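Here's the structure we're looking at; comments come further down.
Note on naming: letters A, B, ... go to the chains in the order of the sequence lines (proteins, then strands), and numbering restarts at 1 for each one. The shown structure was predicted, so the numbers you read here are calculated from the model rather than taken from an experiment.
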Number of protein chains: 2
Amino acid sequence: MSAQPTAVMPSTSAATPRAEARPQDRVFQALRRDVLLGRLRPRERLVEEELAARFAVGRYVVRAALDELTRIGLVERRPNRGVVVSDYDPSQIEQLYEVRETLQRAAIARMLLPASRSLLDELTTINRTYAECLARGELDAVAEANAAFHRTLFGACGNPFLAAAIEQHWEKSALVHGYAIGVPALAARSHADHEAMIACLAEGDRAGLGELCSRHMQPSLEAVRKTARTRP
Amino acid sequence: MSAQPTAVMPSTSAATPRAEARPQDRVFQALRRDVLLGRLRPRERLVEEELAARFAVGRYVVRAALDELTRIGLVERRPNRGVVVSDYDPSQIEQLYEVRETLQRAAIARMLLPASRSLLDELTTINRTYAECLARGELDAVAEANAAFHRTLFGACGNPFLAAAIEQHWEKSALVHGYAIGVPALAARSHADHEAMIACLAEGDRAGLGELCSRHMQPSLEAVRKTARTRP
DNA sequence: GTCAACAGAATTGTTGACAATTCGGCCCGG
DNA sequence: CCGGGCCGAATTGTCAACAATTCTGTTGAC
């Protein structure tokens, strides 16, 4: 029980939302949200001393948190030059989504269907939270619920390494699709997609689930393509 | 050109074996080899101060190197309890290999075949180095050549994210298959497999390459299964 | 006017000392 | 003889100061 593959995605997917023991985790989570919700834009610079002052903490803690963010690909460190928010160009995003689709289809192929009642309940609960937070305009919580849905769904493939890889790539592309949460129409569509996925899980419709998950990624990918054409 | 997916596997796959500028890279590489070549065994503890003394460097540098190793899954850090070499149990290894196979098949499906002359030459050169170092008994260099072969091969899929994911999982399982280098028969077999792969690349035999790569992973997986039965 | 070299500022990298935590043994009451 | 709780050693976590590097704006020669 030593090397849990989940350890690759340490505090993020930590099932224990306990008292946020370590300060570096708090900084890590805060910065992670800032990036994922667009409060920090791609290519924006992250200066250690500023962050240390903002979080009332030593620079060492900030460095550790930034290393953690580097690990999951949300920021990038250039030696002696500091840390910037990652910025994937459109072609990289296409490649990233290609990998995500491959991994997701592999996961779906490995799920045992129809899904257990407890899994269905869990997903239903998460999706309800999603809708509620959306109605209240709590974007932070919406993003968290969205992440939880995907994490739970693909975690059900039974292979922790595969689940970790999916989550890892999901987080990277979250840089891109995160903004969609702010668009009501897209968010509603997302919620409906999730419900349809749950239905597929209940009925054991593996092929349908696969298609659904692939289609689910399309809107944000289309948005990227569009802005790429508009602003070369 | 900011966020290169290769950055996920920073110094390891760095194509520039330049002057080892940063001290933490030197420590990182040394420890990585120790783990991969079995000089450090699974579950073995890594004490920061000991390493700092051994490498004649500050504890901070050791910490940074250990974090780097954590990132690629070779060691694991338990908060306030230190770092130990990762230890995957047999079922986890099966899962790991399953993901590797999925990723490798996806990569092979995306390669454009027949391969370019420069790629074939590069792989041939690497495999020759492999044989030469093996004959001389330089296991460090053999492991490095082996890694280079796989990195180059799957790097040819054209999707840096996919290549990075493959490399990432390859390194994790290197904890397991690394020992095979020391067994002459297995090492020879490995060399022959590599040649066959190059032939498939040259002829454009995609299906053959896929099967070959999957079979290539089997011996070490079998070894794991065997030791698992012997020593439950 | 353009470009190279050069200071000075801003920022990151590293060190050593100190604080906090975990782990093992020891004592002691039951 | 055994289990709970204290104590101390070993180890990790954090801080504040210092060193090294990169960046920016300016100067001066051509």
Handout entry: Interatomic distance, A:D25 CG vs D:dG13 C1' [rounded to whole Å]
Key = 12 Å
Handout entry: Atom-pair distance (CZ on A:R81; C1' on D:dC23), nearest Å
Key = 10 Å
Practice task
Look at B:R32 together with B:D25 and state whether they make a salt bridge at an N to O cut-off of under 4.0 Å.
Solution key: no
Exercise for the section: Working to the nearest 0.5 Å, report the span between CZ of A:F55 and CD of A:Q24. Expected result: 13.0 Å
Practice task
Mark yes when over 12 heavy atoms from residues, nucleotides or ligands other than B:R41 sit less than 6.0 Å from its CZ; otherwise mark no.
Solution key: no
Problem - Basic-acidic side-chain contact under 4.0 Å: A:E144, A:R151 - result: yes
Problem - Nucleotide D:dT12, atom P - distance to CD of A:Q24 in whole Å - result: 15 Å
Practice task
Apply ring-ring contact (aromatic ring centres under 6.0 Å, His included) to the pair A:F161 and B:Y97, showing each step before the final yes or no.
Solution key: CA-CA 10 Å; A:F161 290 95; B:Y97 273 66; over 10 Å; no
Handout entry: Pairwise 5' ranking along DNA chain D for B:E50 and A:N80, keeping only the more 5' one
Key = B:E50
Practice task
Would you classify A:L66 as touching base, sugar-phosphate or nothing, given that sugar-phosphate means primed atoms plus P, OP1 and OP2, and contacts are heavy atoms under 4.0 Å?
Solution key: nothing
Handout entry: Side-chain heavy-atom pair A:R63, A:R77 within 4.5 angstrom cut-off
Key = yes
Handout entry: Non-neighbouring partners of A:E94 that pass side-chain hydrogen bond (donor to acceptor under 3.5 Å, both in side chains), sequence neighbours left out
Key = A:R225
Handout entry: Which residues share a side-chain hydrogen bond (donor to acceptor under 3.5 Å, both in side chains) with B:E101, sequence neighbours left out
Key = B:R105, B:S214
Handout entry: Between D:dT12 (P) and B:D67 (CG): distance, integer Å
Key = 12 Å
Practice task
Under the side-chain hydrogen bond (donor to acceptor under 3.5 Å, both in side chains) rule, collect the residues that match up with B:R128, sequence neighbours excluded.
Solution key: none
Handout entry: CZ/B:R136: more than 12 non-hydrogen atoms of other groups inside 6.0 Å
Key = yes
Exercise for the section: Check DNA chain C against residues 52-64 of chain B and give the residues with a non-hydrogen atom under 4.0 Å, in numerical order. Expected result: B:G58, B:R59, B:Y60, B:V61
Exercise for the section: Go through DNA chain C in 5' to 3' direction and return only the first and the last nucleotide with some atom under 4.0 Å of chain B's heavy atoms. Expected result: C:dT14 to C:dC23
Practice task
Would you indicate whether B:E49, at its atom CD, is surrounded by more than 12 heavy atoms from other residues, nucleotides or ligands within a distance under 6.0 Å?
Solution key: no
Handout entry: Helix axis bend for the helix from C:dG1-D:dC30 to C:dG30-D:dC1 - C1'-based end axes, five pairs, 10° rounding
Key = 10°
